[in-house]
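Read through the structure below, which is laid out as structure tokens, and then see the notes.
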Amino acid sequence: MPELPEVETVRRQLEAELVGRVIKGVRVLLPRILKNASPAELAERLIGRRLAAVERRGKFLLLQLDDGASLIVHLRMTGRLTLVDAATPDGPHTRAAISLDDGRDLRFDDVRTFGTWHYRGRDAGSLPPALAAMGVEPLSDAFTPETLATIAAGRRAPVKAVLLDQRRIAGIGNIYADEALFRAGIDPGRPAASLTPGEVGRLHASIRSVLIDSLAKGGTTVRDYLNGRGSPGEFQRFLDVYGRAGEPCRRCGTPIVRRKVAGRGTHVCPRCQR
DNA sequence: ATAGCGCCCTGGTGGC
DNA sequence: TGCCACCAGGGCGCTA
């Protein structure tokens with residue numbers, strides 16, 4: 001489940017390899033991943049374009065083209081973007097591919113086919129609604145304890161639901177919501193507005209630290225995630241609660257409990273998190 | 001405006 | 001061994 005650290009890892013790898021490359025071909029094996037273009041239209045727009053930059057906003061990847069347009073990719077749960085030699089056969093779940101002028105393909109593989117591609121033209125063009133409404137980047141200077149306090153103020157929803165709301169904070173998914181709340185010692189079901197200023201400060205620091213720590217390990221691979229070079233992340237070895245139901249809390253030894261909060265599988269230490 | 005829920009989709013798992 | 005219900009979950013559309 002690629003979240004901010006995983007998508008950022010892919011972004012860095014793709015940027016290093018893709019910038020300056022020219023698109024020679026486009027293959028779309030599953031047209032419904034394209035949200036606002038037909039395969040033929042996408043090919044017409046992309047072929048001949050040079051890649052100018054690879055950016056990230058929340059969990060979206062933006063491949064910027066030299067004509068001011070962009071290809072906006074969301075990996076959702078099982079999507080992968082990897083660079084391979086063009087001779088590499090498609091996998092059973094290859095949904096699309098872009099061939100480059102250096103003999104390689106940018107392959108998009110996605111088992112569950114939730115991932116999406118949007119083409120955005122130079123002027124306006126359609127943005128994915130979630131991207132247009134995206135909240136603050138948690139690793140940017142704009143994200144301060146005061147920002148988080150404002151976000152939480154007056155919200156009766158569980159604090160975990162607020163962390164998952166991309167319109168408030170960008171890029172946090174189920175894994176890092178659980179991990180940040182553990183580090184902060186806060187129960188995920190608490191109404192966001194019930195957090196004390198001290199708790200808001202701890203949660204702010206925890207969000208940043210867990211994202212930074214995971215980024216340093218190349219992200220988390222629980223099941224499907226692979227980076228732009230086809231390699232898994234390493235942070236799963238350092239998770240405190242996610243996926244550790246029944247195992248002892250690393251801090252106090254109490255078994256980690258799994259329950260449902262905000263409709264999501266949620267992992268907590270019932271002793272450390274209040 | 002906010003909160004909650006079902007849907008999309010496939011592969012892996014566990015029960016019988 | 002086979003079959004099937006169930007689960008994973010981000011974004012989105014719908015409801016109240």
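Below, chain A is the first sequence line, B the second, and so on; all start at residue 1.
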State whether A/Asp67 and A/Arg122 are salt-bridged, where the test is any N-O pair (Lys NZ or Arg NE/NH1/NH2 against Asp/Glu carboxylate O) under 4.0 Å.
no

Spell out protein contact along nucleotides 10-16 of chain C as letters: B when the base is contacted, S when just the sugar-phosphate is, - when no protein heavy atom is under 4.0 Å; keep the 5' to 3' order.
BSS----

Taking NZ, NE, NH1 and NH2 as the nitrogens, is one of them in A/Asp105 or A/Arg27 under 4.0 Å from a carboxylate oxygen of the other?
yes

Would you indicate what A/Tyr242 reaches in the nucleic acid, counting non-hydrogen atoms under 4.0 angstrom: base, sugar-phosphate, or nothing?
sugar-phosphate

Within this structure, what is the CD1-OH distance for the pair A/Ile72 and A/Tyr119, rounded to the nearest 0.5 Å?
10.5 Å

When rounded to whole Å, the CG to P distance for the pair A/Asp224 and B/dT13 reads 12 Å

Test: A/Arg259 and A/Asp187 ion pair at under 4.0 Å:
yes

Parallel, tilted or perpendicular: rings of A/Phe108 and A/Trp117 (30°, 60°)
tilted

Search all heavy atoms of A/Glu137 against all heavy atoms of A/Phe143 and return the closest pair with its distance.
O-CB, 3.5 Å

Atom CZ of A/Arg168 and atom C1' of B/dT2: how far apart are they, to the nearest Å?
8 Å

Rounded to the nearest angstrom, tell me the gap between atom CZ in A/Arg112 and atom P in B/dC7.
15 Å

With a 4.0 Å cut-off on heavy atoms, is A/Arg167 in touch with a base, just the backbone sugar-phosphate, or nothing at all?
nothing

Under a 4.5 Å side-chain heavy-atom rule over Ile, Leu, Val, Met, Phe, Trp and Tyr, are A/Val222 and A/Val241 clustered together?
no

Between the two ends of the helix from B/dT2-C/dA16 to B/dC16-C/dG2, what is the bend in degrees, rounded to 10 degrees, where each end axis spans five pairs?
50°

In whole Å, what is the span from the CG atom of A/Leu75 to the P atom of B/dT10?
18 Å

Between A/Arg12 and A/Glu15, is there a side-chain N and carboxylate O pair less than 4.0 Å apart?
no

When all nucleic acid strands are considered with a 4.0 Å heavy-atom cut-off, which category describes A/Lys35: base, sugar-phosphate, or nothing?
nothing

How close or far is atom C1' of B/dT10 from atom CZ of A/Arg32, stated in whole angstroms?
10 Å

Charged N to carboxylate O below 4.0 Å: is that the case for A/Arg104 and A/Asp102?
yes

Any side-chain N or O of A/His93 below 4.0 angstrom from OP1/OP2 of B/dC9?
no

